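Only this structure's heavy atoms are used, side chains among them; waters, hydrogens and symmetry mates stay out. Computed from a predicted structure; not experimentally measured. Count residues from 1 along the sequence.
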Amino acid sequence: MKWLKGETTEILRALNEDVQMIQKDNQQIEEQVRQIVQQVIQNGDQALKAYSKKFDQVELQELSLSKETIELGYQNVEKEVIAALEAAKENIISYHQKQKQYDFMDTEKSGVLRGQLVLPLARVGVYVPGGTAAYPSSVLMNVLPAKIAGVKEIIMVTPPSKEGIPDVILAAAKIAGVDKIFQIGGAQSIAALAYGTETIPKVDKIVGPGNIYVATAKKQVFGTVGIDMIAGPSEIGIVADETANPIYIAADLLSQAEHDTLARAILVTDSVKLAEQVEIEIDRQLETLPRKEIAEQSIKNNGLIIVVSTVSAMFTIMNEIAPEHLEVQLADPISYLHEIKNAGSVFLGAYASEPVGDYFSGTNHVLPTSGTAKFYSPLGVYDFVKYSQVTYYTKDALAKAKDAIALLARKEGLEAHARAVECRFE
């Protein structure tokens with residue numbers, strides 16, 4: 001792992017240089033995705049099948065999965081896995097129900113009614129990654145908030161494989177209440193959801209994590225449809241002092257490193273001794289990790305240990321990083337909540353390991369990455385609704401306001417605006 005020591009300003013400067021390198025646009029991928037999107041717009045299902053053959057080595061006869069296939073997948077999953085998914089679902093629902101927002105109307109002034117309508121989106125597309133691992137937890141995390149919001153139709157896309165869609169993904173989709181599943185992945189699936197094809201309906205918003213091609217496609221179709229966020233590789237930041245357990249810290253850092261060779265694992269501490277113990281422990285734990293090759297490369301290329309002199313400096317640096325996942329492994333961690341300004345999801349104490357949030361606590365694991373926690377939030381019920389404003393005035397109420405309205409309209413040079421109000425009193 002790379003080490004950084006010194007004054008806070010020097011460390012922040014070094015971090016900003018790293019971020020600029022990470023966020024540097026990949027023009028080649030941008031162009032590849034642009035061509036894929038155009039092909040899907042022009043050729044619809046034919047393009048989707050051609051890209052599945054090219055990228056996934058699968059010749060698809062049908063893009064959609066039947067209800068019988070989904071049910072069979074559900075039946076094939078072990079009962080204890082179904083029970084775990086159901087328990088996770090219960091926790092996700094109980095947490096996200098508290099995010100619901102409601103219509104309001106006010107009559108503060110006589111003859112005036114103002115309000116807001118909270119309206120669910122009609123149709124949402126959910127991307128579920130495939131490739132090196134299956135993520136049933138992502139199905140639950142993306143679909144259940146949409147169901148709570150009242151979305152009428154939820155379309156799921158996920159990459160095909162020669163062995164078929166993993167049974168556990170189909171089981172999670174059934175448990176969460178997905179309406180339709182299409183076995184298509186990559187940038188081409190994002191284009192299909194954004195513009196529609198003969199088989200796949202156009203959606204209003206696309207959510208869900210994916211690789212750089214999926215993220216780039218979401219960026220390119222934004223405006224035609226809504227998106228949740230443009231997510232980068234997974235990341236974890238841990239703030240820890242000498243009271244923390246290096247075994248726990250190493251395990252938690254590796255829990256993100258095994259996701260992707262581009263994942264970032266960062267420890268910020270005021271204890272050189274702890275930092276040294278964590279580095280030794282990472283090497284030890286790597287030896288028995290099934291995804292060792294991925295995690296080892298991630299740690300080597302993107303792993304970072306930062307040593308500073310004070311707790312205050314730890315949070316200054318971590319707030320600048322704005323990590324996707326932030327663990328606070330300090331004595332009395334809850335007392336430091338006020339220090340946290342930028343983080344996707346916060347985990348307090350030695351026993352709130354990041355995977356608790358990934359799978360079971362009920363908090364969402366679709367989170368802002370690459371510093372975007374400075375202005376983005378975790379996926380939630382609020383991502384699946386939109387708002388409409390309501391205004392009602394009586395004639396008497398408008399009479400009291402008309403002169404001020406006309407004055408402001410003429411101040412902006414918009415005479416028709418002024419006359420539209422005044423004509424009601426001529």
Side-chain angles (χ1 to χ4, degrees), residues 45 48-49 51-53 55-93 96 123-149 151-190 192-193 197 199-201 203 205-211 214 228 259 355 358-360 362 364-366 379 384:
D45 287 354
L48 296 179
K49 291 177 179 179
Y51 283 126
S52 290
K53 183 177 180 180
F55 297 134
D56 304 305
Q57 290 77 53
V58 178
E59 291 198 43
L60 295 174
Q61 301 304 314
E62 297 291 335
L63 296 176
S64 62
L65 293 181
S66 67
K67 291 183 178 179
E68 291 76 17
T69 299
I70 298 168
E71 180 62 32
L72 181 60
Y74 176 86
Q75 296 297 335
N76 286 340
V77 174
E78 302 93 327
K79 290 182 180 179
E80 57 268 28
V81 175
I82 295 296
L85 288 170
E86 290 284 4
K89 172 185 175 179
E90 183 179 339
N91 291 340
I92 294 166
I93 289 175
H96 286 81
R123 181 186 289 139
V124 167
V126 174
Y127 187 90
V128 176
T132 60
Y135 298 102
S137 56
S138 282
V139 179
L140 302 183
M141 294 290 181
N142 283 277
V143 175
L144 293 174
K147 300 289 283 189
I148 293 169
V151 173
K152 295 179 175 62
E153 187 176 18
I154 299 173
I155 309 296
M156 189 179 105
V157 295
T158 191
S161 72
K162 293 177 181 177
E163 295 76 28
I165 305 302
D167 290 333
V168 71
I169 295 293
L170 300 180
K174 176 180 168 67
I175 289 169
V178 171
D179 295 294
K180 296 177 183 176
I181 302 176
F182 296 94
Q183 50 183 338
I184 189 72
Q188 61 271 26
S189 69
I190 302 301
L193 290 171
T197 71
T199 302
I200 299 178
V203 302
K205 190 168 189 175
I206 302 170
V207 301
N211 64 18
V214 170
D228 51 354
H259 265 297
D358 270 356
Y359 296 107
F360 206 72
N364 209 288
H365 79 199
V366 181
L379 189 74
F384 299 99

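- Residues Val366 and Asp228 are in side-chain contact: their nearest non-hydrogen atoms beyond the backbone lie under 4.5 Å apart.
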Show your working on side chain to side chain contact (heavy atoms under 4.5 Å, CB included) between Ile82 and Tyr74 and close with a plain yes or no. CA-CA 8 Å; Ile82 295 296; Tyr74 176 86; 3.6 Å; yes
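- Looking at Ser52, its side chain does come within 3.5 Å of a backbone N or O of Leu48 through a donor-acceptor pair.
- Looking only at side-chain heavy atoms (C-beta outward), Val178 and Val126 stay at 4.5 Å or farther from each other.
- Proximity of Leu65 to Gln183: side-chain heavy atoms (C-beta onward) are separated by under 4.5 Å at one or more points.
- Using modelled atom types, one side-chain atom of Lys147 and one backbone atom of Gly177 make a donor-acceptor pair closer than 3.5 Å.
- Ile181 places none of its side-chain heavy atoms less than 4.5 Å from the side chain of Ser64.
- Heavy-atom neighbours of Glu86 CD from other residues, nucleotides or ligands within 6.0 Å: above the threshold of 12.
- For the pair Met141 and Asn364, the tightest heavy-atom approach, listed with the atom from each and the gap, is O-ND2, 2.9 Å.
- Rounded to the nearest 0.5 Å, atoms OG (Ser137) and CD1 (Ile169) are 8.0 Å apart.
- Of all heavy-atom pairs spanning Leu60 and Lys49, the tightest one is O-CD, 3.7 Å.
- Counting only heavy atoms from C-beta outward, the side chains of Tyr135 and Pro166 never approach each other to under 4.5 Å.
- Under the side chain to side chain donor-acceptor pair (under 3.5 Å) criterion, the residue pairs touching residues 170-181 are Glu71-Lys174, Glu153-Lys180, with sequence neighbours excluded.
- Between Ile190 and Tyr127 the shortest heavy-atom distance is CD1-CD1, 4.0 Å.
- Formation of a donor-acceptor pair under 3.5 Å by the Gln57 side chain with backbone atoms of Ser161 is not found in this model.
- The two residues Val77 and Ala171 make their nearest non-hydrogen contact at CG2-CB, 3.8 Å.
- Counting heavy atoms from C-beta outward, Pro129 and Pro159 have side chains that stay 4.5 Å or more apart.
- Contact detail for Val157 and Leu193: the closest heavy-atom pair is CG2-CD1, 3.8 Å.
- The local environment of CD in Glu78 is crowded, with over 12 non-hydrogen atoms from other residues, nucleotides or ligands closer than 6.0 Å.
- Distance check: Ile184 CD1 to Leu63 CG gives 6.0 Å after rounding to the nearest 0.5 Å.
- Leu170 CG to Met156 CE: the interatomic distance, rounded to the nearest 0.5 Å, is 6.5 Å.
- Using modelled atom types, one side-chain atom of Lys89 and one backbone atom of Ile175 make a donor-acceptor pair closer than 3.5 Å.
- Heavy-atom minimum distance, Val128 versus Thr158: O-OG1, 2.8 Å.
- With hydrogens and angles ignored, the 3.5 Å screen pairs no side-chain donor or acceptor of Asp56 with any backbone N or O of Tyr51.
- Going from atom CG of Asp167 over to atom CG of Leu72 covers 7.0 Å, rounded to the nearest 0.5 Å.
- For the pair Asn91 (side chain) and Phe360 (backbone), a donor-acceptor distance under 3.5 Å is present.
- To the nearest 0.5 angstrom, Leu140 atom CG is 11.5 Å from Tyr359 atom OH.
- Checked against Phe182 for a side chain to side chain contact (heavy atoms under 4.5 Å, CB included), the options Pro201, Pro160, Ser189 give a single hit: Pro201.
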